[in-house]
Amino acid sequence: MDESAGAGDVGGWAVAEPGPIASGPLHPVRRPVPRPGPGEVAVRVEACGVCRTDLHLAEGDLRPHRAGTVPGHEIVGRVVAAGAGADRFAPGDRVGGAWLRGTCGVCRYCRAGRENLCPSSVYTGWDADGGFTELTLLPEEFAYPLPGGADPAELAPLLCAGIIGFRALRRAALPSGGRLGLYGFGASAHLAAQVALAEGATVHVLTRSAAARRLALDLGASSARGAYDAPPEPLDSAILFAPVGDLVPVALAALDRGGTLAVAGIHLSDIPALNYQHHLFQERNLRSVTSNTRADGRDFLATAERIGIHPTVTRYPLAAADRALVDLAADRVNGAAVLIPPSAPTSDVS
């Protein structure tokens with residue numbers, strides 16, 4: 001990343017032209033210091049997690065909603081300024097920015113507490129610039145208060161990987177003391193596993209990465225096998241974190257009668273044909289997971305604090321954001337990748 005800062009600008013990364021990660025779709029940028037509008041806070045970024053959704057955006061699996069968007073939606077930082085009417089946070093408060101950035105608040109989904117399904121929902125790092133930068137803007141109503149004394153790099157993965165994993169765990173309808181299978185074991189799965197284990201579940205991990213299998217066993221999983229292997233016992237519930245449609249029939253076949261598979265990703269390659277008797281009969285359930293509600297975020301962050309969840313993180317300087325995405329694509333990240341920016345300028349922000 002070009003580190004030659006001019007007066008009144010901030011450095012970061014933007015998706016110029018989506019394409020294969022090897023083609024370098026993420027480009028360094030310098031842009032004017034963003035100024036908060038009504039209801040917004042300006043946040044000096046202390047850490048930003050790198051999510052597989054950022055990779056999908058960079059590679060074009062997710063159609064860009066705007067040109068030159070700065071990715072990143074696992075944002076931890078300090079408030080440095082507030083726009084008109086924004087009085088929820090004071091300067092210096094630590095806050096978190098997550099994927100869900102805004103909803104209409106009036107549609108039937110919002111009124112029913114299902115704001116994750118709002119047709120007018122907008123997202124950080126997709127509809128507006130995110131956290132792959134030194135300074136960013138967040139709508140205060142969709143920001144989360146965070147503990148000021150914690151390591152920001154360990155907080156960052158909680159804001160998407162953790163929240164989405166938590167929602168996926170609830171969508172998987174895991175019974176008390178049940179048997180849970182996790183397909184793929186990256187940032188989100190290794191946090192969901194800690195919640196499930198704390199709640200008394202037996203966890204089986206199925207993933208292609210040998211390092212991820214070792215991490216799973218270290219965290220307390222009862223078994224860790226290859227992604228296409230059968231678990232050692234039938235599963236009450238399973239979550240598919242890997243964006244691989246071929247694993248849907250594999251996971252369904254591993255379910256016990258009445259079991260549920262939740263697909264956690266925003267993008268999934270095509271699912272092959274299912275055999276009704278083998279994959280769905282005996283009341284096996286297949287569910288998707290779509291974004292999260294703010295209630296999910298609050299519930300998960302409270303749960304994480306209560307059980308002492310511990311993310312495994314690999315730190316990268318902000319200047320190496322492109323390398324972090326390459327490593328994520330190649331399954332070279334154990335746990336969660338997190339970008340650490342240099343100190344962002346705080347002057348001239350109002």
Side-chain angles (χ1 to χ4, degrees), residues 15 18 20-21 49-65 71-74 98-101 116-117 121 123-127 130 157-174 180-193 195-196 203 205-209 212 216 227-228 235 237-252 254-255 260-272 274 279 285-293 296-297 300 311 324-325 327-331 333 335-337:
V15 177
I21 197 64
V50 181
C51 179
R52 190 163 290 274
T53 300
D54 300 318
L55 180 62
H56 291 318
L57 180 68
E59 294 200 304
D61 297 322
L62 295 183
R63 180 181 59 81
H65 282 179
H73 54 273
E74 297 178 326
W99 178 235
L100 186 67
R101 186 183 185 87
N116 61 307
L117 301 180
S121 56
Y123 301 94
T124 306
W126 196 14
D127 295 287
L158 305 183
L159 291 159
C160 179
I163 294 172
I164 293 298
F166 184 75
R167 184 172 182 86
L169 183 61
R170 297 300 183 243
R171 291 282 291 164
L174 180 66
L180 175 68
L182 300 177
Y183 288 80
F185 202 72
S188 197
H190 95 287
L191 298 176
V195 175
V203 175
V205 169
L206 303 112
T207 184
R208 66 182 181 178
S209 167
Y228 291 86
L235 304 173
S237 302
I239 306 172
L240 176 58
F241 288 104
V244 181
D246 285 349
L247 286 173
V248 170
V250 174
L252 285 170
L255 292 176
T260 298
L261 169 64
V263 179
I266 192 173
H267 169 78
L268 189 71
S269 60
D270 289 345
I271 300 172
L274 300 177
H279 298 123
N285 304 290
L286 175 60
R287 291 179 166 181
S288 66
V289 178
T290 299
S291 185
N292 64 277
T293 66
D296 292 327
F300 170 69
L325 279 186
D327 288 349
L328 182 63
D331 279 344
V333 175

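This structure is a prediction, so every number in the text was calculated from the model and none was measured.
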With Ala238, which residues qualify under side chain to side chain contact (heavy atoms under 4.5 Å, CB included), at least two apart?
-> Tyr183, Leu235, Leu255, Leu261

Note: Ala216 and Val205 closest approach over all heavy atoms is CB-CG2, 3.6 Å

Note: Pro249 and Leu274 closest approach over all heavy atoms is CB-CD2, 3.8 Å

Once the angle between the rings of Phe166 and Phe300 is folded into 0 to 90°, is it parallel (under 30°), tilted (30 to 60°) or perpendicular (over 60°)?
-> tilted

Leu247 CG to Leu268 CG distance, which is reported to the nearest 0.5 Å = 9.0 Å

Residue set satisfying side chain to side chain contact (heavy atoms under 4.5 Å, CB included) with Ala337, at least two apart, ordered chain then number -> Val50, Tyr316, Val333

Do Val289 and Val263 touch side chain to side chain, with heavy atoms closer than 4.5 Å?
-> no

Distance (rounded to the nearest 0.5 Å) between Leu180 CG and Leu174 CG | 5.5 Å

With side chains defined as the heavy atoms from C-beta onward, is the minimum distance between Pro311 and Leu158 less than 4.5 Å?
-> yes

Which heavy atom of Asn292 sits nearest a heavy atom of Trp99, and at what distance?
-> OD1-CB, 4.5 Å

Given the rule in the side chain to side chain contact (heavy atoms under 4.5 Å, CB included) test, do Leu182 and Leu206 qualify, once you have shown the distances and angles that lead to the verdict?
-> CA-CA 6 Å; Leu182 300 177; Leu206 303 112; over 6 Å; no

Any sub-3.5 Å donor-acceptor pair from Thr124's side-chain atoms to Ala98's backbone N or O?
-> yes

Nearest-0.5 Å distance, SG of residue Cys51 to CG of residue Leu159 | 11.0 Å

Quick one: pull up CG in Asp61 and OG in Ser269 and give me the separation to the nearest 0.5 Å.
-> 9.5 Å

On a heavy-atom basis, the closest approach of Ala264 and Ile239 is CB-CG2, 4.0 Å

Euclidean distance, Ile164 CD1 relative to Ser291 OG, rounded to 0.5 Å | 5.5 Å

Under the side-chain hydrogen bond (donor to acceptor under 3.5 Å, both in side chains) test, which residues partner His267, sequence neighbours left out?
-> none

Can you tell if the side chain of Pro18 reaches within under 4.5 Å of the side chain of Leu57, non-hydrogen atoms only?
-> no

Atom CZ in Arg287, atom CG in Leu240: separation rounded to 0.5 Å?
-> 15.5 Å

Residues passing the salt bridge (Lys or Arg N to Asp or Glu O under 4.0 Å) test with Asp296, sequence neighbours excluded, are Arg167

State which residues pass side-chain hydrogen bond (donor to acceptor under 3.5 Å, both in side chains) with Arg171; sequence neighbours excluded, sorted by chain then number.
-> none

With sequence neighbours left out, the residues meeting salt bridge (Lys or Arg N to Asp or Glu O under 4.0 Å) with Asp331 are Arg52, Arg208

